[in-house]
Protein chains: 2
Amino acid sequence: MSKNIPTQEQCEVVSGLLKNLAHPQRLMILCQLTAGPKTVSELEELSGASQSAVSQFLGRMKAEGLVDATRETQYVYYEIKDPRVKKLIQSLDRIFCANP
Amino acid sequence: MSKNIPTQEQCEVVSGLLKNLAHPQRLMILCQLTAGPKTVSELEELSGASQSAVSQFLGRMKAEGLVDATRETQYVYYEIKDPRVKKLIQSLDRIFCANP
DNA sequence: TCAGTATATTATAATTTTATAATATATCAA
DNA sequence: TTGATATATTATAAAATTATAATATACTGA
């Protein structure tokens with residue numbers, strides 16, 4: 001139960017990562033990805049965001065090391081790479097979406 | 001270990017809340033508040049943000065029901081009201097700042 | 001009352017994000 | 001090869017956020 005105050009640098013890193021989740025469709029994309037790999041067009045469908053927006057978002061997340069992409073025939077499958085992202089989404093689910 | 005996919009509405013609510021944490025100084029303010037109530041000027045000092053910025057941020061968070069304010073003599077003490085915010089900050093600490 | 005400190009509000013310029021359109025590339029199937 | 005589908009890139013307009021300055025309000029103590 002210690003009150004752990006983060007450093008300024010930690011706040012910068014974590015808040016930078018949180019920006020990716022602070023948008024309804026992008027959060028949905030990440031939640032969908034915690035259930036397993038998905039193609040760009042599947043994520044487009046599941047999130048309601050445009051092709052371009054989804055592709056741009058995934059590209060950015062890949063550059064940040066949060067997701068991985070693998071081409072398989074004509075599809076590109078994305079999946080979560082950084083385990084902290086998965087943990088974070090799970091925490092969000094527990095805190096905000098739990099059915100008590 | 002169920003893969004709980006949120007609704008679009010849940011994503012809107014949660015991502016809206018996450019916007020408050022997706023900024024280094026605002027995240028710092030919320031982390032400081034998890035350790036107990038603080039005045040505006042204390043938070044100004046602790047976060048490095050300007051008086052106006054801190055006040056605006058706290059006002060917005062209060063309007064959203066995330067924090068509470070109580071005036072005590074000439075100072076206004078802010079504290080976290082929504083227990084989910086506290087839980088979220090604790091999760092962030094565990095996931096991103098844990099010393100293993 | 002007045003001066004000083006704490007906080008809030010308002011306005012606005014500067015910056016960043018977001019959405020969108022257009023186009024490019026890659027792969028497949030015929 | 002050609003046409004169709006999947007994904008990526010680029011450019012840019014629109015919208016939202018952020019930082020800042022200026023000012024206002026609230027309280028205190030002398």
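Numbered from 1 within each chain, the chains take letters A, B, ... in sequence-line order. Side-chain atoms are counted along with the backbone in the values below, which use heavy atoms only and exclude waters and symmetry mates. As the structure is a computational prediction, the values presented were derived from the model and not from experiment.
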A/E45 CD to D/dT5 P: how many Å, rounded?
15 Å
Mind checking A/S50 for me? I need base, sugar-phosphate or nothing, with any heavy atom below 4.0 Å counting as a touch.
base
Base, sugar-phosphate or nothing for A/Y78? Non-hydrogen atoms, less than 4.0 Å.
sugar-phosphate
Categorize B/S52 for me: base, sugar-phosphate, or nothing, with a 4.0 angstrom heavy-atom threshold over every strand shown.
base
Quickly work out the A/K62 NZ to D/dT7 C1' distance and round it to whole Å.
12 Å
For chain A and DNA chain C, what are the first and last nucleotides along the strand, 5' to 3', with at least one atom under 4.0 angstrom from a heavy atom of the protein chain?
C/dT17 to C/dC28
Round to a whole Å and report the spacing from OH of B/Y75 to C1' of D/dC27.
11 Å
Solution key, residues 52-60 of chain B side-chain donor-acceptor pairs under 3.5 Å, sequence neighbours excluded:
from  : atom 1 : to    : atom 2 : distance (Å)
B/S52 : OG     : B/Q56 : NE2    : 3.0
B/R60 : NE     : B/N20 : OD1    : 3.4
B/R60 : NH2    : B/N20 : OD1    : 2.9

Could you go step by step and tell me if B/V14 and A/L21 meet the side chain to side chain contact (heavy atoms under 4.5 Å, CB included) rule?
CA-CA 9 Å; B/V14 175; A/L21 316 204; over 6 Å; no
What is the distance from CD of B/Q74 to C1' of D/dA24, rounded to the nearest Å?
18 Å
Closest-nucleotide ordering on DNA chain C, the 5'-leading residue of B/E44 and B/Q56
B/E44
With a 4.0 Å cut-off on heavy atoms, is A/T73 in touch with a base, just the backbone sugar-phosphate, or nothing at all?
sugar-phosphate
Positive for side-chain contact (heavy atoms from CB on, under 4.5 Å) with A/V67, one of A/D82, A/V85, A/L33
A/L33
Taking for each residue the nucleotide of DNA chain D with the nearest heavy atom, is it A/V76 or A/K19 whose nucleotide lies nearer the 5' end?
A/V76
